[in-house]
Amino acid sequence: MAKTHMQLQEILFSQGFGTRRVCAGLVQQGLVTVAGEPCDEPSMDFEPKGLQFTAQGVAWEYHEKAYLMLHKPAGYECSQKPSTYPSIYTLLPAPIRQRGGGAAAGVQAVGRLDQDTTGLLLLSDDGKFIHRMSSPKHHVPKVYEVTAKHPVDDKQVQKLLAGVVLDDDPKPVRAAACVQTGENRLSLTLTEGKYHQVKRMIAAVGNRVEDVAGLHRSCIGSLALPDDLKPGQWRWLTAQDLLSIAAAPAAKA
Ligand code: URA
C-alpha cells in the first residue's frame, strides 16, 4: 500500500538517487529542494504522492511505481547485459535505472524488441504489470509496421491472417489483423510475442522484413507511440496511457 508520509531520505532512495546513506548526505549538504524550498533535514516527513523535488539540480516528481514508454531507436539491445549494441537502459536517466536499489533495481522492459526494431517499448518496476503485459494469456495486441523486401500481395495477407507454422511449434500463429499499407508495407497486429515473430511470419509467407528500418512497433493496446516522442526519448505513462494499453487498438483504414 502507498505510504501517506515518508522521510525525505526514503523518498530520494525509493526514486533512485543513491543508497540510503548517499540520499541522507545529499539532503544534509543542502542539495535537495522540495516544492521549491531547500530542505536539509533527511528525516523530515512529506506526503510523497505527486511530490516535486530537486536533487543536485535534477527536477523530479515522485512516482510510487515507474511506468514509462521509450521510443526505441535502431541499434540498441533490450538487455541489461548487451552483447553487441548499447543497452536501451543507457537511454534512461540514472535514477530510473537505480530506483528501489538492490539486485533488482530499476525498471525492466516489458518484452523485447530486436536491436534493429524501432518503436514503442514499455518499461516498469511493477512486476505484476510486467507479467500481465507480457503474458500470452492476456492477448495484449501489438501493432507492427512492416516494410518488406519484396512487394506484398493479398495472398500473403490472407496467409498471415489464416495462420502460419513457425519452425519451433506445429501450432499455427496468426495475425489478429493484417492490412496492406503500401506496395511493400503491412500493418500487422499480434497478440503473442514469440522470438522474432514478425520476421519469421513474414518469412513463412515467402517475403522478408527489410534489413534497415523494416520493423517498427506503433501501438500496444490502443496506446500509440506519440509523434513528438523522438527515437531515444522516453516519458512517464499517464493514467490515461495505462488505460489505453488494456484497450484494443483502433482498426486501420
Ligand atoms: N517480431 C520480430 O521479429 N522482432 C521484433 O523486434 C518484434 C517482433
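The model shown is predicted, which means the values in this text are computed figures rather than measured ones. For ligands, and for the atoms within them, numbers begin at 1 and follow the listed sequence.
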**Message:** Does any N or O of ligand 1 fall below 3.5 Å from an N or O anywhere on V198, backbone included?
**Reply:** yes

**Request:** Under 4.0 Å from a heavy atom of H196: give me the atoms of ligand 1 that qualify, with their elements.
**Result:** 1 (N), 2 (C), 3 (O)

**Message:** Please determine whether a side-chain nitrogen of the Lys or Arg among R112 and E77 lies less than 4.0 Å from a carboxylate oxygen of the Asp or Glu.
**Reply:** no

**Request:** For Y67, check ring-ring contact (aromatic ring centres under 6.0 Å, His included) against everything at least two apart and list the hits.
**Result:** F129

**Message:** Please work out, at 4.0 Å between heavy atoms, whether the side chain, the backbone, both, or neither of V209 comes within that distance of ligand 1.
**Reply:** neither

**Asked** Which of the listed options, D116, L113, D114, holds the heavy atom that is closest to atom 4 (N) of ligand 1?
**Response** D114

**Message:** Under a 4.0 angstrom heavy-atom cut-off, which atoms of ligand 1 come close to Q197?
**Reply:** 1 (N), 2 (C), 3 (O)

**Request:** Taking all heavy atoms of Y62 and all of M6, pick out the closest pair and write down the distance.
**Result:** OH-SD, 3.8 Å

**Polar contact flag for T117 and ligand 1 (N/O pairs, less than 3.5 Å)** = yes

**Asked** Of the protein's non-hydrogen atoms, which lies at the shortest distance from atom 7 (C) of ligand 1, and what is that distance?
**Response** Y144 CE2, 3.7 Å

**Request:** Measure from the ring center of H71 to the ring center of W234 and say whether it is less than 6.0 Å.
**Result:** no

**Set of residues satisfying ring-ring contact (aromatic ring centres under 6.0 Å, His included) with respect to Y76, sequence neighbours excluded** = none

**Prompt:** In terms of the angle between their ring planes, are H63 and W236 parallel, tilted or perpendicular, with boundaries placed at 30° and 60°?
**Reply:** parallel

